[in-house]
Colleague: 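Here you go, one structure.
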Amino acid sequence: MTQDFSIVHLLLNASWVVQVVVLMLMGVSITSWTAIFRKIISLQRVKTLNEEFEREFWSGTSLNELYASAAKNAKLSGPMERIFASGMREYQKLRERRINDSSALMDGARRAMRASYQREMDAIESNLSLLASVGSVSPYVGLFGTVWGIMHAFTGLASMQQVTLATVAPGIAEALVATAIGLFAAIPAVVAYNRFARDVDRVSIQQETFIEEFSNILQRSVGNQANASPSGR
């Protein structure tokens with residue numbers, strides 16, 4: 001009579017420790033895939049909104065109009081637009097206080113944009129640490145289940161007078177399922193983390209470049225219009 005070596009059968013007959021490990025890994029895998037799909041959607045939204053704002057920014061629309069639009073649609077705007085709004089808001093506040101020193105104006109605007117940049121990057125990088133942890137820890141958790149399962153299998157064989165491959169194989173197979181599921185949870189998490197980390201770096205460079213370009217525009221505005229709010233480039 002042939003033995004049933006299906007994964008379900010093996011798990012149902014595995015020791016309770018192996019079953020707990022497998023359940024944990026399956027839960028981690030589901031959480032990981034949920035984070036992956038959410039990150040795909042959020043990064044795509046960030047890229048789209050940033051590209052739309054950058055096109056509008058360089059289309060010739062005045063800074064005041066862009067700022068009014070950004071302030072009006074703050075909840076729907078992208079990270080780059082919010083960074084722009086933070087710098088513009090601080091710039092206008094300093095001008096309203098009759099501060100005409102170019103260094104003070106530029107330092108204030110730049111600090112505001114940098115603070116906004118850090119907040120945006122923290123939000124963009126969310127869940128990356130989760131994927132990194134899943135990718136690095138899951139194989140070891142699966143290996144623990146495998147080692148425990150093999151120990152349990154050999155303990156059960158100790159009472160047998162004659163040990164054959166047929167008696168050893170089921171216990172070993174049950175234990176190895178834990179490692180397989182650990183790898184199943186880890187591999188997608190590692191691949192997704194590497195991809196997302198690269199995408200986040202590109203977004204970061206894009207936003208840092210925008211901060212420098214916008215700072216240059218404000219610098220020229222300070223030089224050309226000492227006592228007026230910037231209305232264009």
Colleague: Nearest 0.5 Å please: distance from the CD atom of Glu125 over to the CG atom of Leu43.
Modeller: 10.5 Å
Colleague: Run the side-chain hydrogen bond (donor to acceptor under 3.5 Å, both in side chains) test on Tyr117 and Ser204 for me, step by step, so that the C-alpha distance in whole Å, both residues' side-chain angles and the decisive distance to 0.1 Å come before the verdict.
Modeller: CA-CA 9 Å; Tyr117 165 82; Ser204 175; 2.4 Å; yes
Colleague: Quick check: does any side chain N or O of Thr146 sit under 3.5 Å from a backbone N or O of Thr179, one acting as donor and the other as acceptor?
Modeller: yes
Colleague: In terms of hydrophobic clustering (I, L, V, M, F, W, Y; side-chain heavy atoms under 4.5 Å; direct or indirect links), are Phe37 and Leu128 co-clustered?
Modeller: yes
Colleague: Could you tell me the separation between the CD atom of Glu90 and the CG atom of Asp107, rounded to the nearest 0.5 Å?
Modeller: 10.5 Å
Colleague: When you measure from the side chain of Arg82 to the backbone N and O of Ser77, does any donor-acceptor pair fall under 3.5 Å?
Modeller: yes
Colleague: Are any non-hydrogen side-chain atoms of Arg119 and Ser86 less than 4.5 angstrom apart?
Modeller: yes
Colleague: Considering non-hydrogen atoms only, spot the tightest contact between Gly108 and Leu94 and give its length.
Modeller: CA-CD1, 4.0 Å
Colleague: Report the distance from atom CH2 of Trp58 to atom CD of Glu213, rounding to the nearest 0.5 Å.
Modeller: 4.5 Å
Colleague: Can Met24 be reached from Val22 by stepping across I, L, V, M, F, W or Y side chains whose heavy atoms are under 4.5 Å apart?
Modeller: yes
Colleague: When you group the ILVMFWY residues by side-chain heavy-atom contacts below 4.5 Å and let the links chain together, are Ile181 and Val137 in the same group?
Modeller: yes
Colleague: Run the numbers on Asn50 and Phe210 for side-chain contact (heavy atoms from CB on, under 4.5 Å), then give the verdict.
Modeller: CA-CA 10 Å; Asn50 280 354; Phe210 172 78; over 6 Å; no
Colleague: If the plane angle is over 60° it's perpendicular, under 30° parallel, otherwise tilted; pick one for Phe84 and Phe53.
Modeller: tilted
Colleague: Within the structure provided, determine whether Gln44 and Thr48 are in side-chain contact (heavy-atom separation under 4.5 Å).
Modeller: yes
Colleague: Could you go through the salt bridge (charged side-chain N to carboxylate O under 4.0 Å, His left out) check for Glu51 and Arg202 one step at a time?
Modeller: CA-CA 12 Å; Glu51 289 173 0; Arg202 290 176 180 174; over 6 Å; no
Colleague: Do the side chain of Ser126 and the main chain of Ala123 share a donor and acceptor less than 3.5 angstrom apart?
Modeller: yes
Colleague: Answer whether the closest heavy-atom distance between the side chains of Gln207 and Ile124 falls below 4.5 Å.
Modeller: yes
Colleague: Could you tell me whether the side chain of Trp33 reaches within less than 4.5 Å of the side chain of Val28, counting heavy atoms only?
Modeller: no
Colleague: List the steps and the verdict of side-chain contact (heavy atoms from CB on, under 4.5 Å) for Ile217 and Arg220.
Modeller: CA-CA 5 Å; Ile217 292 172; Arg220 290 196 299 268; 3.4 Å; yes
Colleague: Hey, are the side chains of Ser32 and Ile36 touching, using non-hydrogen atoms and a 4.5 Å cut-off?
Modeller: yes
Colleague: Begin with the C-alpha distance, continue with both residues' side-chain angles, and end with the deciding distance and a verdict on side-chain contact (heavy atoms from CB on, under 4.5 Å) for Met88 and Leu63.
Modeller: CA-CA 8 Å; Met88 194 67 179; Leu63 297 181; 3.6 Å; yes
Colleague: Among the clusters formed by ILVMFWY side chains lying less than 4.5 Å apart, do Val20 and Phe144 turn up in the same one?
Modeller: yes
Colleague: Determine which pairs satisfy salt bridge (Lys or Arg N to Asp or Glu O under 4.0 Å) with at least one residue from residues 28-50, sequence neighbours left out, and list them in order.
Modeller: Lys47-Asp199
Colleague: So, Ser29 side chain and Met26 main chain: donor-acceptor pair closer than 3.5 Å or not?
Modeller: no
Colleague: Counting C-beta onward and ignoring hydrogens, is there a side-chain heavy-atom pair between Ser215 and Met113 closer than 4.5 Å?
Modeller: yes
Colleague: Please check this pair: side chain of Thr34 against backbone of Ile30, looking for a donor-acceptor N/O pair closer than 3.5 Å.
Modeller: yes
Colleague: Salt bridge check, Glu208 against Arg110: does any charged N sit closer than 4.0 Å to a carboxylate O?
Modeller: no
Colleague: Check whether any side-chain heavy atom of Val200 lies under 4.5 Å from a side-chain heavy atom of Met121, and answer yes or no.
Modeller: yes
Colleague: For Glu65, does its backbone N or O pair with a side-chain atom of Ser69 as donor and acceptor, under 3.5 Å?
Modeller: no
Colleague: Distance check, rounded to the nearest 0.5 Å: Arg89 atom CZ versus Ser116 atom OG?
Modeller: 8.0 Å
Colleague: Tell me, do Ile83 and Phe214 make a side-chain contact under 4.5 Å, heavy atoms counted?
Modeller: no
Colleague: Any donor-acceptor pair under 3.5 Å linking the side chain of Thr61 with the backbone of Phe57?
Modeller: no
